[in-house]
Number of protein chains: 2
Amino acid sequence: MSIKHGLLALLQDGPKYGYQLRGEFEAATGATWPLNIGQVYTTLTRLERDGLVRAASHEGDGRSMYEITDAGRTELAKWFETPVTRESRPRDELAIKLALALAVPGVDVSAVVQRQRMSTMQSLQELTRLKRNSAQGEISWQLVIESMIFGAEAEIRWLDHCEAMLLRHRGTQRAEPQNYQVPDQQEARS
Amino acid sequence: MSIKHGLLALLQDGPKYGYQLRGEFEAATGATWPLNIGQVYTTLTRLERDGLVRAASHEGDGRSMYEITDAGRTELAKWFETPVTRESRPRDELAIKLALALAVPGVDVSAVVQRQRMSTMQSLQELTRLKRNSAQGEISWQLVIESMIFGAEAEIRWLDHCEAMLLRHRGTQRAEPQNYQVPDQQEARS
DNA sequence: CGACACATGTAACACGTTACATGATTTG
DNA sequence: CAAATCATGTAACGTGTTACATGTGTCG
């Protein structure tokens, strides 16, 4: 969903073509999430199919220009108006990993937490370095970096919290199967 | 990737069947991310295709049981050993939205930020309520809730930071196209 | 000329969601 | 019996990734 609307947003500034859209998208987000050029074209095709963009006939200069339609502008406005909710976000792989490490026996949860903490600390340092080096650069991707910094910091705080919880529950609550009660079933097979 | 490995983790505890796997997955994560039953079966099929699980012939009681293979155990161990990196995460839609709201003209960025802040505050309250009501429940999904709380708090801090940045740059740096230099191309069309 | 960036696509695949079909079992 | 729950699938679709094919323009 992000790319679809991202391209729409860039097209609101005027007709653009595929390569240009990738360039501007990466300029705006600091190439934090490199955008595959192939996907730009497939996404444009789908946007055109859905009537949110159309091929701009005039002024191509040899390139395939696209322009946003009224339906596209409406859709884009809706995107900017609607907040990103928790539910709309993808599953958090780290949370799932730790939850399951706790749920199944034979996993050294502390080791998992510590390795993750190390890794997150390292990327936090890397991000801080990036931020420093990119000072007075674009404001938009400055904010993107800071978004990741805030996220990484929260993650470290959470990991510390997890370790504290682990220590507190060491022995108090062992494994605790909690295993989804398997319903009995009386020999039903033919 | 999370679900695939999640199912593997649950299967390490012993042979299970589809419905049971969904139940245990949701028990471990507090049904925070409801797991579609259809996907459990397709994922199991793929895991079997890749040799990470196999159908457990014996003791089915009328259900299709699956068990983890050695290759599956290896893969699972690798999952727990490898930290979740920033790069492996999906694009952050909120960051992209704000970055593009800044990059293209005609978007009321402050309004976007304020709406988002309102929404995030609300889900933060909801999460806090959930946490309180679920006290002394399962430790694993207690941690999942707290993961989301920490994330929401970080998001609010970031949004505040964004507003401060916006105020500071009001007028200083207007729009700043920064628009991916379009290469000239001399009338190349036939 | 040859290498490289620009430019546009297509194909195959992985993952996820929704919806549908089909039965067996349990329970009011 | 009827409805709900348990249980296993399949089909269609959306989105994203990787890789490949193909051609033009620029520059050393």
Side-chain angles (χ1 to χ4, degrees), chain A residues 1-8 15-26 33-50 52-53 55-56 60-66 75 79 87-93 96 180-190, chain B residues 1-8 15-26 33-50 52-53 55-56 60-66 75 79 87-93 96 180-190:
Chain A
M1 294 274 94
S2 343
I3 289 178
K4 179 177 142 184
H5 290 105
L7 297 187
L8 272 186
K16 311 245 164 82
Y17 61 95
Y19 233 73
Q20 186 183 8
L21 283 167
R22 182 181 71 163
E24 295 195 9
F25 183 93
E26 296 197 340
W33 303 283
L35 178 52
N36 186 279
I37 182 63
Q39 199 185 345
V40 174
Y41 293 113
T42 55
T43 303
L44 282 172
T45 308
R46 289 163 186 163
L47 285 170
E48 189 176 20
R49 178 201 58 189
D50 299 341
L52 305 182
V53 308
D61 210 8
R63 300 155 177 131
S64 321
M65 309 287 284
Y66 286 91
E75 174 66 26
W79 188 54
E87 301 81 51
S88 69
R89 273 170 238 239
R91 293 183 180 84
D92 180 348
E93 180 162 10
I96 288 178
Y180 171 79
Q181 273 307 45
V182 174
D184 281 334
Q185 199 163 310
Q186 65 261 54
E187 313 292 322
R189 231 53 319 256
S190 74
Chain B
M1 295 276 94
S2 342
I3 288 177
K4 178 177 143 184
H5 291 105
L7 297 187
L8 272 186
K16 311 244 164 82
Y17 61 96
Y19 233 73
Q20 185 183 7
L21 283 167
R22 182 181 68 164
E24 296 195 10
F25 184 92
E26 296 198 339
W33 303 284
L35 179 52
N36 186 278
I37 182 63
Q39 199 184 344
V40 175
Y41 293 113
T42 55
T43 304
L44 282 172
T45 307
R46 288 164 188 162
L47 285 170
E48 190 176 18
R49 177 201 60 189
D50 299 341
L52 305 181
V53 308
D61 211 7
R63 300 157 177 128
S64 322
M65 310 285 284
Y66 286 90
E75 174 66 26
W79 189 54
E87 301 82 50
S88 69
R89 272 170 239 239
R91 293 183 179 82
D92 181 346
E93 179 163 11
I96 289 177
Y180 171 78
Q181 273 305 47
V182 174
D184 280 335
Q185 197 162 310
Q186 66 261 51
E187 312 291 323
R189 241 20 357 233
S190 74

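The figures that follow rest on heavy atoms only: side chains count, while hydrogens, waters and symmetry mates do not. Throughout, protein chains are lettered first and strands after them, A, B, ... in sequence-line order, and every chain is numbered starting at 1.
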To the nearest Å, how far apart are [X] [atom1] and [N] [atom2]?
X     : N      : atom1 : atom2 : value
B:I37 : C:dA21 : CD1   : P     : 19 Å
A:H5  : D:dT15 : NE2   : P     : 9 Å
B:Y66 : D:dA7  : OH    : C1'   : 12 Å
B:L7  : C:dA14 : CG    : P     : 17 Å
A:W33 : D:dT15 : CH2   : C1'   : 17 Å
A:K16 : C:dT8  : NZ    : P     : 14 Å
B:I3  : C:dT17 : CD1   : C1'   : 10 Å
A:D92 : C:dG16 : CG    : P     : 14 Å

**Prompt:** Checking B:R22 against B:F25: charged group under 6.0 Å from the ring centre and within 45 degrees of the axis?
**Reply:**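 B:R22 over B:F25 ring: no.
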
**Message:** Which is more 5' along DNA chain D, the nucleotide nearest A:K4 or the one nearest A:N36? Just name the residue.
**Reply:** A:K4

**Request:** Take B:G18 and A:R46, find for each the nucleotide of DNA chain D with the closest heavy atom, and name the residue whose nucleotide sits nearer the 5' end.
**Result:**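 The 5'-side residue here is B:G18.
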
Closest approach to the side chain of [X], judged atom by atom: which nucleotide of [options] is it?
X     : options               : answer
A:Q39 : C:dT8, C:dT10, D:dG16 : D:dG16
A:Y19 : C:dT18, C:dT8, D:dG16 : C:dT8
B:M1  : D:dA7, C:dC15, C:dA7  : C:dC15

Phosphate OP1/OP2 of [N]: any [X] side-chain N/O under 4.0 Å:
X     : N      : result
B:R91 : D:dT17 : yes
A:Y17 : C:dA7  : yes
A:R49 : D:dG14 : yes
B:S64 : D:dG9  : yes
B:Y41 : D:dG9  : no

**Asked** Can you check whether B:R91 reaches A:L35 side chain to side chain, under 4.5 Å on heavy atoms?
**Response** yes

**Message:** For A:L21 and A:L44: C-alpha separation, side-chain torsions, deciding distance, then whether side-chain contact (heavy atoms from CB on, under 4.5 Å) applies.
**Reply:** CA-CA 10 Å; A:L21 283 167; A:L44 282 172; 3.9 Å; yes

**Message:** Between B:Y66 and B:L7, does the side-chain contact (heavy atoms from CB on, under 4.5 Å) criterion hold? Intermediate values first, please.
**Reply:** CA-CA 10 Å; B:Y66 286 90; B:L7 297 187; over 6 Å; no

**Message:** Between A:D50 and A:E75, does the side-chain contact (heavy atoms from CB on, under 4.5 Å) criterion hold? Intermediate values first, please.
**Reply:** CA-CA 11 Å; A:D50 299 341; A:E75 174 66 26; over 6 Å; no

